[in-house]
Amino acid sequence: MRSWLIKFQRCPGCGDYLIHLAIKQAIQELNIPKHKLVILSWIGCSGKMSQYIDWYWSETLHGRGVPFATWVKLANPDLTVISISGDWDAYWIWVGHFLHACRRNINITYIVLNNENYGLTTGQASPTTPLDIKTKSTPDWNHTNPFDPNKLAKSAWCQFTKNVQDKDIKTLKQTIIDWINFPGFAHIDVNQACPSRRKW
């Protein structure tokens with residue numbers, strides 16, 4: 001993919017830019033050959049991530065990134081497999097896939113872009129939206145307790161789980177490197193900016 005031909009479909013100031021940079025830097029530092037890496041993403045703002053990285057990739061079905069990643073890894077265990085999703089996908093629509101992937105401990109790096117709302121469809125509440133926040137779907141404030149993604153992962157016996165800020169590029173890059181090197185399921189919850197929808 002030629003970088004000068006790419007037209008990024010992201011809002012100005014979106015945390016996806018920083019996460020994208022950290023992923024690319026981690027892959028380059030690990031010197032993973034293009035034919036040895038597969039990046040799978042889902043639907044939503046995070047879904048474009050795989051299209052902007054010049055390795056094998058697929059934008060999969062809504063909420064199905066982890067099963068696709070599992071199938072790819074089982075078909076070819078020598079591949080480095082990264083699955084990328086948003087908080088709505090990961091912790092709501094198909095949270096079961098996430099929890100069972102933690103239990104199975106298949107060697108996949110799972111990066112969740114957590115902007116605490118469903119930004120693509122104009123900002124509905126997600127499972128990580130804080131209490132007492134107004135969103136498109138909670139105009140009278142959010143009264144539902146949010147998930148703690150790391151506690152959720154640990155409850156399903158995930159051995160490698162961490163929360164990182166999108167602006168902390170150094171830590172984010174190193175976390176991705178460490179998680180790729182971990183011989184099991186590794187979960188990174190990236191707390192990211194969403195200037196268009198996240199106003200809290």
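When reading the values below, keep in mind they use all heavy atoms of this one structure, side chains included, and skip hydrogens, waters and symmetry mates.
Ring geometry for Phe68 versus Trp71: interplanar angle of 30 to 60°, hence tilted.
One hydrophobic cluster, built from ILVMFWY side chains closer than 4.5 Å, cannot hold both Ile133 and Tyr118; they sit in different ones.
Closest of all the heavy-atom pairs between Thr128 and Pro149 is CG2-CG, 4.0 Å. The minimum heavy-atom distance linking Pro146 with Pro130 is given by the pair CG-CA, 4.2 Å. Taking both residues in full, the closest heavy atoms of Ala69 and Val81 are given as CB-CG1, 3.7 Å, listed atom of the first, atom of the second, then distance. Across all their heavy atoms, Ser85 and Tyr110 have their closest contact at OG-OH, 2.9 Å. In this structure, Asp132 and His143 approach most closely via the heavy-atom pair OD1-ND1, 4.3 Å. The two residues Asp87 and Pro127 make their nearest non-hydrogen contact at O-CD, 4.0 Å.
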With side-chain contact (heavy atoms from CB on, under 4.5 Å) as the test, would you mind laying out the steps for Arg104 and Val66 before giving the verdict?
CA-CA 12 Å; Arg104 293 185 185 107; Val66 168; over 6 Å; no

Might you work through the side-chain contact (heavy atoms from CB on, under 4.5 Å) test for Ile169 and Leu18, ending with a clear yes or no?
CA-CA 7 Å; Ile169 292 288; Leu18 299 173; 3.7 Å; yes

Can Asp168 and Lys170 be said to form a side-chain contact (heavy atoms from CB on, under 4.5 Å), step by step?
CA-CA 6 Å; Asp168 190 353; Lys170 183 177 179 182; 4.2 Å; yes

Should Phe98 and Phe185 be marked as a side-chain contact (heavy atoms from CB on, under 4.5 Å) after you check the CA-CA gap, both sets of side-chain angles, and the distance that decides it?
CA-CA 10 Å; Phe98 169 50; Phe185 187 81; 4.0 Å; yes

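The shortest distance between side-chain heavy atoms of Tyr56 and Lys34 does not fall below 4.5 Å. Here the side chains of Leu99 and Leu152 are in contact, with some heavy-atom distance below 4.5 Å. The side-chain heavy atoms of Leu30 and Asn181, taken from C-beta on, include a pair separated by under 4.5 Å. A 4.5 Å side-chain heavy-atom check between His187 and Asn150 finds at least one atom pair inside the cut-off. Using a 4.5 Å heavy-atom threshold, the side chains of Ile19 and Ile84 count as separate.
Atom CH2 of residue Trp141 and atom OG1 of residue Thr135 lie 10.5 Å apart, to the nearest 0.5 angstrom. Atom OG1 of Thr171 sits about 12.0 Å away from atom CG of Asp166, to the nearest 0.5 Å. Here Ile180 contributes atom CD1 and Glu29 contributes atom CD; the two are 10.5 Å apart, rounded to the nearest 0.5 Å. Taking CD1 of Ile23 as the start and OG1 of Thr109 as the end, the distance is 10.0 Å to the nearest 0.5 Å. Remark: Asn76 CG to Lys36 NZ distance equals 6.5 Å, nearest 0.5 Å. Taking NZ of Lys151 as the start and SG of Cys158 as the end, the distance is 15.5 Å to the nearest 0.5 Å.
For the side-chain hydrogen bond (donor to acceptor under 3.5 Å, both in side chains) condition, the pairs that include at least one residue of residues 189-200, sequence neighbours left out, are Asp16-Gln192, Tyr91-Asp189, Asn114-Asp189, Glu116-Arg198, Glu116-Trp200, Asn163-Asp189, Asn191-Arg198.
Between the side chain of Ser137 and the backbone N or O of Gln124 there is no donor-acceptor pair closer than 3.5 Å. Without hydrogens or angle criteria, Asn117 side chain to Asn115 main chain gives a donor-acceptor distance under 3.5 Å.
In this structure, Trp179 has its ring center at least 6.0 angstrom away from the ring center of Phe182.
Residues Thr129 and Asn142 have side chains that never bring a donor and an acceptor to within less than 3.5 angstrom of each other.
For Lys73, there are no side chain to side chain donor-acceptor pair (under 3.5 Å) partners, not counting sequence neighbours.
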